[in-house]
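This report concerns only the one structure given below.
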Amino acid sequence: CRLIISIYRSSIMSSLFRLAKLHGRSPKNHAVLSSCVRLTHSPSNIDPLSPSAAGNSAFALRNKIEETKSNRRRTCLSTKLSHAGLSSSHDVGSSANYNDALSPSIELATTYERPPDGNYGDNRIYSRSCNPTRKLLEEALGQLEMSTSANNSPLSIEDVVAPTCAFSSGMAAVASLLLACKSPVKILLPTDVYHGVPTQLHSALKDHGIAHESVDMTSCNAIRQKIEESVQTDGTFVVWIESPSNPLCQVTDIQSVCDSVQEMRAENETHRILTVVDSTWAPPCITQPLNLGADAVLHSGTKYLGGHSDVLLGAVSCSPLTENGQWLAERLGAVQTSVGAVASPLECWLTLRGLRTLHLRVERQCQTAMKLAKYLNGHKDIVKCHYPGLESHPQHAVAMRQMVGPGNGSMCGGMLSFEVENVSWAMAVAGAVRVIRRATSLGGTETLIEHRASIEPPERRTSPSGLLRMSVGLEDANDLQHDLEMALEVASQVMISNK
């Protein structure tokens, strides 16, 4: 044993001196280095470490090293996604959660026993106000929305978590957010927007003092002009951004709009102007609106966050960095508890599971969407293809700057739409697909196609009659392209033969 230790010690000394010479330094501290090695490794001073003692010592030393912020490396977004729902105890050197399950449990209880002193210390009273599984999801989403390492450039700073509320659906999230605003409420919507939002405003919320109008959300000048014409001295004015938009894939310059709104706030501090971004089509691994200045970001978790077409859930994260975000977070939490349109424990668990593969799924979907968009853009029967990744897209430059994935690579989303000559031609294309499925919704593993105009309310139909929307899944890109080739050829034969 002594012979082995002596050889080991000599090896360490040799390595130290080679390192010193490499950096041009004289090994004048030979005696000091030698004494350190003897002190550390001499069997006369300390017994050899047992395996368990070695593990505990290494754990303690790592914690000691990382006590200083400058020595602490911030994890990248993809790592956070892979660990969604897991305890973060090891990040801070705690041993409180050893032997924890590496998949979070589903807490189905609706009520909890009250302690003898009558105080609910951890707020577990009733599942409408607090559910452990829902809390895990809300914390995970709050971390992702504020992460500044989406481009895999870790920063040695502490994470900031955005207050987040999970709801029973995306539309429940929309309604709850509007209920949290001080009345009277006026909303500035994009001209191209998911039809469910104006439908809700025209139906369920039409008698609740919520007014709305539309503007081209790709024009900062048009937005500013509309706000100046419409903003109120009391109540809440909401600038509702949807980027990319549904179904025309228009991209709003979120930071420019938020900066413009902030200037208007500064000019008149009596106006409560909120900037809210529906980023369902650009999940956190693509775009993080709160880091671009937005007061709140909304997701239909049914789509990319869940990612498997088996979840019904919505979420709103409020910015902890803006005064309006902090104001909204407090009011939204109260609405969530009092109205009770909360996400169920099972839906939250399924969404947590979906988050763990979000970055991998979305990266593949973006790659395939880009390939299909290029193919469709050059096809003789396609009138127009809408996809931010195409250089011909009107907001391509904004998308390349705003929709950024790992390694600073552009990720322009897994959604695209294209137009053919008329509605019959569009239905013929949809009728001829085989690998692609005819269905609504988006963000799942399967590729979906849908004729949008036929499901929009006739009185508020905005989609072109020949437009088909595609949600690109995880199938082989060549299989999908071949399916489109066949469908377009079949549709062409059907339409020509019936002229």
Side-chain angles (χ1 to χ4, degrees), residues 78 81-82 244 246-247 249 280-286 302-311 350 353-382 384-393 399-400 403-407 409-420 425-452 467-494:
S78 56
L81 283 165
S82 300
N246 183 358
C249 301
T280 296
W281 282 24
C285 53
I286 296 180
T302 307
K303 314 306 193 290
Y304 284 104
L305 303 187
H308 293 78
S309 304
D310 56 5
V311 168
L350 288 170
R353 183 199 62 181
L355 287 179
R356 292 189 176 191
T357 58
L358 176 65
H359 53 300
L360 299 175
R361 289 185 285 107
V362 168
E363 185 174 3
R364 170 68 174 268
Q365 288 163 322
C366 290
Q367 292 171 353
T368 303
M370 185 74 251
K371 178 175 181 176
L372 296 181
K374 288 179 178 178
Y375 163 72
L376 291 166
N377 198 46
H379 195 281
K380 61 180 179 64
D381 292 333
I382 303 302
K384 193 171 186 179
C385 181
H386 305 275
Y387 185 67
L390 295 174
E391 292 184 4
S392 58
H393 189 279
M400 298 300 285
M403 304 177 75
V404 180
S410 61
M411 292 174 61
C412 293
M415 297 296 301
L416 62 89
S417 60
F418 61 93
E419 298 177 45
V420 291
W425 204 305
M427 296 303 286
V429 173
V433 296
R434 289 297 176 266
V435 177
I436 301 168
R437 303 305 176 102
R438 294 176 294 275
T440 194
S441 199
L442 56 103
T445 61
E446 62 288 323
T447 297
L448 306 178
I449 196 167
E450 182 178 43
H451 182 251
R452 291 298 293 173
L467 181 139
L468 290 166
R469 189 190 75 180
M470 278 184 60
S471 168
V472 178
L474 301 181
E475 302 94 338
D476 183 84
N478 293 324
D479 287 344
L480 293 173
Q481 181 170 321
H482 178 261
D483 197 30
L484 283 172
E485 287 175 358
M486 291 295 296
L488 288 166
E489 177 61 29
V490 169
S492 178
Q493 293 181 25
V494 168

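As a basis for the values below, the full set of heavy atoms in this structure was taken, side chains included, without hydrogen atoms, waters or symmetry mates.
- Note: Leu474 CG to Leu480 CG = 9.5 Å, rounded to the nearest 0.5 Å.
- For Asp310, the side chain to side chain donor-acceptor pair (under 3.5 Å) partners at least two apart in sequence or on another chain are Arg353.
- Distance OG1/Thr368 to CE/Met470: 9.5 Å, rounded to 0.5 Å.
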What donor-acceptor contacts under 3.5 angstrom involve side-chain atoms of residues 442-449, with partners at least two apart or in another chain?
unit_1: Glu446; atom_1: OE2; unit_2: Ser309; atom_2: OG; d: 2.6
unit_1: Thr447; atom_1: OG1; unit_2: Gly473; atom_2: N; d: 2.7
unit_1: Thr447; atom_1: OG1; unit_2: Glu475; atom_2: OE1; d: 2.6

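- Taking SG of Cys249 as the reference point, atom NE2 of His386 lies at 7.5 Å (rounded to 0.5 Å).
- The heavy-atom pair separating Gly306 from Val311 by the smallest distance is CA-CG2, 4.4 Å.
- Every residue was checked against the side chain to side chain donor-acceptor pair (under 3.5 Å) condition with Ser471, not counting sequence neighbours, and none meets it.
- If you take CD on Glu363 and CZ on Arg361, they are separated by 12.5 Å, rounding to the nearest 0.5 Å.
- What you find for Val433 and Ile436 is that their closest heavy atoms are CG2-O, 3.3 Å.
- Arg469 contributes no side-chain N or O that, together with a main-chain N or O of Asn246, makes up a donor-acceptor pair within less than 3.5 Å.
- The structure places SG of Cys412 at 5.5 Å from CE of Met400, a figure rounded to the nearest 0.5 Å.
- Among all heavy-atom pairs drawn from Ala432 and Ala487, the shortest one is CB-CA, 3.7 Å.
- The backbone N or O of Arg434 sits less than 3.5 Å from a side-chain atom of Asp483, completing a donor-acceptor pair.
- Residue Ala369 comes nearest to Leu416 through the heavy atom pair O-CD2, 3.6 Å, listed as atom of the first residue, atom of the second, then distance.
- For Ala426 against Leu468, the heavy-atom pair with the smallest separation is O-CD1, 3.5 Å.
- Here the side chain of Ser82 pairs a donor or acceptor atom with the backbone of Ser78 at under 3.5 angstrom.
- Applying the salt bridge (charged side-chain N to carboxylate O under 4.0 Å, His left out) rule to Arg452 yields the partners Glu450; only residues at least two apart in sequence or on another chain are considered.
- Under the 4.5 Å side-chain criterion, counting only non-hydrogen atoms from C-beta, Tyr387 is not in contact with His393.
- The salt bridge (charged side-chain N to carboxylate O under 4.0 Å, His left out) test applied to Arg356 returns no partner, not counting sequence neighbours.
- Residues Arg438 and His451 have side chains not in contact (no heavy-atom distance under 4.5 Å, counting atoms from C-beta outward).
- Nearest heavy atom pair, residue Pro388 against residue Met403, reads CB-SD, 4.5 Å.
- Taken to the nearest 0.5 Å, the CG atom of Leu350 stands 11.0 Å off from the OG1 atom of Thr302.
- In this structure, the side chains of Tyr304 and Met415 come closer than 4.5 Å at one or more pairs of heavy atoms.
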Exercise answer: donor-acceptor pairs, residues 371-382 side-chain atoms, under 3.5 Å, sequence neighbours excluded:
unit_1: Lys371; atom_1: NZ; unit_2: Asn478; atom_2: OD1; d: 2.4
unit_1: His379; atom_1: ND1; unit_2: Asp381; atom_2: N; d: 3.0

